[in-house]
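Only heavy atoms go into these numbers, but all of them, side chains included; no hydrogens, no water, no symmetry mates.
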Amino acid sequence: MEKYREIYFDLKDRLNAGEFEQGKLLPSDHKLMMNYGVARETVRKAMKQLAEDGYVQRLRGKGTIAIDQKQFHFPLTEIMSYTELVNSEHLQSENRLMSFKDDVIPKIFGAEEAEPVQQIVRVRMVDSEPDIVDYDYVLKAVAPELTETDAKTSLFRYFEQDLGLEIDYAVKTLTVEQATVEDRRLLNIPVRTPVVVVRSKTYLKDSRVLSYTESRHRGDRFSSVVFAKRH
């Protein structure tokens with residue numbers, strides 16, 4: 001593992017453990033250089049990654065402060081399974097399988113043909129509260145023997161470890177929408193509550209489409225930080 005990644009994970013664990021008070025300055029880059037025995041550029045890469053992932057904020061001329069971690073940080077620029085995400089955020093989570101049935105690709109994903117899929121509906125519980133409803137549509141042509149047991153654990157683990165598939169990238173779109181009747185029922189939220197909807201299309205290394213996903217998040221528990229640069 002590259003040294004800056006080791007520093008990134010170490011600092012992230014310390015932030016999650018509450019070692020650095022929210023809104024307060026972290027050790028300076030110079031002090032981190034001394035503590036980890038690395039060059040300034042290595043520290044800066046680690047801190048940049050922490051900032052991109054929403055753990056810290058870099059303040060020009062002042063230093064780096066810890067950010068409030070109460071919200072669920074959803075990575076738009078990475079492909080992570082839900083299991084990997086909750087582990088990285090040190091959250092207490094439960095995965096509830098609500099539905100597992102045959103279906104076809106929904107028109108909302110721009111499908112031109114009614115290609116057979118396995119539709120999986122799961123509610124993600126975080127700290128005993130319903131946080132996300134995931135609708136996964138896995139192509140049967142790619143994973144014909146997918147079972148309910150696989151859906152209850154981790155789809156990514158099944159794809160990569162059991163089937164030996166290589167996931168390459170995903171195309172994601174994000175919108176804010178009014179909660180549907182089903183959203184209100186599954187997420188236990190009131191009428192006229194907004195939800196953040198992330199729709200994604202996941203591709204394999206060989207360019208085949210693996211799955212389509214619609215993740216519907218409670219708006220009050222969603223956060224995503226994306227690094228943007230001018231020029």
Side-chain angles (χ1 to χ4, degrees), residues 1-93 95 124 126-127 131-132 134 154-157 159-161 165-174 196 198 200 202-205 213 215 217-218 220-231:
M1 182 185 294
E2 293 181 77
K3 189 64 180 179
Y4 89 92
R5 296 289 291 173
E6 293 180 16
I7 298 171
Y8 164 82
F9 284 118
D10 182 55
L11 289 174
K12 185 173 76 168
D13 287 343
R14 293 166 68 185
L15 284 158
N16 284 324
E19 182 176 336
F20 304 109
E21 187 178 348
Q22 294 163 5
K24 299 295 184 180
L25 288 171
L26 272 68
S28 67
D29 286 2
H30 180 72
K31 190 168 184 178
L32 292 173
M33 287 166 55
M34 300 298 292
N35 291 345
Y36 291 106
V38 297
R40 182 181 296 274
E41 184 60 29
T42 303
V43 168
R44 285 179 172 174
K45 285 182 70 175
M47 300 307 284
K48 175 184 173 184
Q49 188 67 56
L50 286 168
E52 289 178 8
D53 291 348
Y55 290 96
V56 301
Q57 182 178 356
R58 302 279 269 175
L59 302 177
R60 182 175 294 180
K62 295 184 178 180
T64 304
I65 61 170
I67 291 179
D68 187 349
Q69 295 298 305
K70 291 181 181 179
Q71 291 183 304
F72 190 84
H73 294 276
F74 188 83
L76 288 177
T77 57
E78 296 181 66
I79 301 178
M80 295 178 69
S81 71
Y82 182 77
T83 301
E84 293 168 338
L85 186 55
V86 295
N87 287 340
S88 70
E89 299 246 335
H90 301 277
L91 299 172
Q92 295 296 318
S93 178
N95 187 27
R124 316 298 198 164
V126 178
D127 295 333
D131 208 66
I132 306 167
D134 273 348
S154 170
L155 288 178
F156 272 43
R157 185 207 60 77
F159 296 147
E160 295 177 323
Q161 297 182 23
L165 298 172
E166 292 187 86
I167 297 172
D168 191 12
Y169 68 96
V171 178
K172 302 181 182 182
T173 61
L174 183 149
V196 179
V198 181
S200 59
T202 302
Y203 292 81
L204 298 172
K205 287 274 188 182
T213 301
S215 294
H217 302 247
R218 277 178 49 176
D220 62 332
R221 291 170 67 92
F222 178 91
S223 174
S224 185
V225 179
V226 179
F227 178 74
K229 186 177 181 181
R230 178 174 169 81
H231 305 308

If you take all heavy atoms of A66 and L15, which pair is closest and at what distance?
CB-CD2, 3.7 Å
Could you give the distance from [atom1] ([X]) to [atom2] ([Y]), rounded to the nearest 0.5 Å?
X	Y	atom1	atom2	result
L50	L26	CG	CG	8.0 Å
L165	D168	CG	CG	12.5 Å
F9	N16	CZ	CG	11.5 Å
E41	K3	CD	NZ	16.0 Å
E19	L11	CD	CG	8.5 Å
R44	D29	CZ	CG	6.0 Å

For the residue pair [X] and [Y], establish whether any side-chain heavy-atom pair is separated by less than 4.5 Å.
X	Y	answer
I132	R218	no
F159	S154	no
I167	L204	yes
I65	V56	no
K172	T202	no
I7	T42	yes
T64	Q57	no
Y8	Y55	yes

Does atom CD of E166 have more than 12 heavy-atom neighbours from other groups under 6.0 Å away?
no
Using the six-membered ring wherever Trp is involved, compare the ring planes of Y169 and Y203 and label them parallel, tilted or perpendicular (cut-offs 30° and 60°).
parallel
Does a salt bridge link R5 with D10, judged by any charged N lying under 4.0 Å from a carboxylate O?
no
Please lay out, stage by stage, how V198 and T173 fare under the test side-chain contact (heavy atoms from CB on, under 4.5 Å).
CA-CA 6 Å; V198 181; T173 61; over 6 Å; no
